[in-house]
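Step one of this worksheet: look at the structure below.
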Amino acid sequence: GIVVYLVVIFGLREWMKKREAWELNTVLAIHNGFLCLLSTVMSIGFVVNVIYLGTNFGWLNAVYCGTGVPHKDLMYLFFWSEVFYVSKYY
């Protein structure tokens, strides 16, 4: 994997030396806006679920995913955790 990464990075650098630079300001602004929106939605979803778990099953169970919480109530917490994980590797 490292060799492929290095070949791509240095190969693209050599390839772009003879070409005009790309204007990516709009694309980067849209990308950053999407990441900000996604982070906001993930944070709200996570906090709402932790508050729900804390008020219904106790704060210790909410923070540490305690055994006293039914699996169906933890699914949203796991969902937002998975969305966060996937958002870092897309």
Side-chain angles (χ1 to χ4, degrees):
I2 294 172
V3 173
V4 172
Y5 173 78
L6 292 174
V7 168
V8 168
I9 293 300
F10 289 114
L12 285 175
R13 187 173 71 173
E14 289 300 316
W15 184 66
M16 287 301 294
K17 278 184 180 178
K18 303 170 190 145
R19 289 170 173 67
E20 187 177 321
W22 296 341
E23 287 295 323
L24 297 175
N25 292 337
T26 303
V27 173
L28 292 176
I30 292 170
H31 179 261
N32 287 336
F34 171 73
L35 290 179
C36 287
L37 180 65
L38 182 62
S39 292
T40 302
V41 170
M42 285 187 299
S43 297
I44 291 170
F46 200 83
V47 167
V48 166
N49 194 250
V50 167
I51 291 171
Y52 167 76
L53 293 174
T55 56
N56 290 307
F57 302 103
W59 292 102
L60 190 62
N61 284 329
V63 174
Y64 294 108
C65 299
T67 57
V69 180
H71 181 70
K72 67 179 179 64
D73 291 315
L74 288 175
M75 285 182 2
Y76 294 109
L77 193 61
F78 294 145
F79 169 77
W80 289 115
S81 299
E82 187 68 21
V83 171
F84 176 79
Y85 175 79
V86 170
S87 73
K88 302 306 172 200
Y89 295 100
Y90 72 95

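A quick note: this is a predicted structure, and the numbers were derived from the prediction, not measured.
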Treat each ILVMFWY residue as a node, draw an edge where side-chain heavy atoms are under 4.5 Å apart, and state whether [X] and [Y] are in one component.
X: Trp15; Y: Leu24; result: yes
X: Val27; Y: Leu12; result: no
X: Val8; Y: Trp22; result: yes
X: Leu53; Y: Phe78; result: yes
X: Leu77; Y: Trp59; result: yes

From [X] [atom1] over to [Y] [atom2], what is the distance, rounded to the nearest 0.5 angstrom?
X: Met42; Y: Leu37; atom1: CE; atom2: CG; answer: 10.0 Å
X: Leu6; Y: Ile9; atom1: CG; atom2: CD1; answer: 8.0 Å
X: Ser39; Y: Phe34; atom1: OG; atom2: CZ; answer: 9.5 Å

Would a 4.5 Å heavy-atom cut-off, applied to side chains only, mark Val50 and Phe46 as touching?
-> yes
CZ (Phe84) with more than 12 external heavy atoms under 6.0 Å | no
Matching residue for Val47 among Asn49, Ile51, Ile44 - test: side-chain contact (heavy atoms from CB on, under 4.5 Å) | Ile51
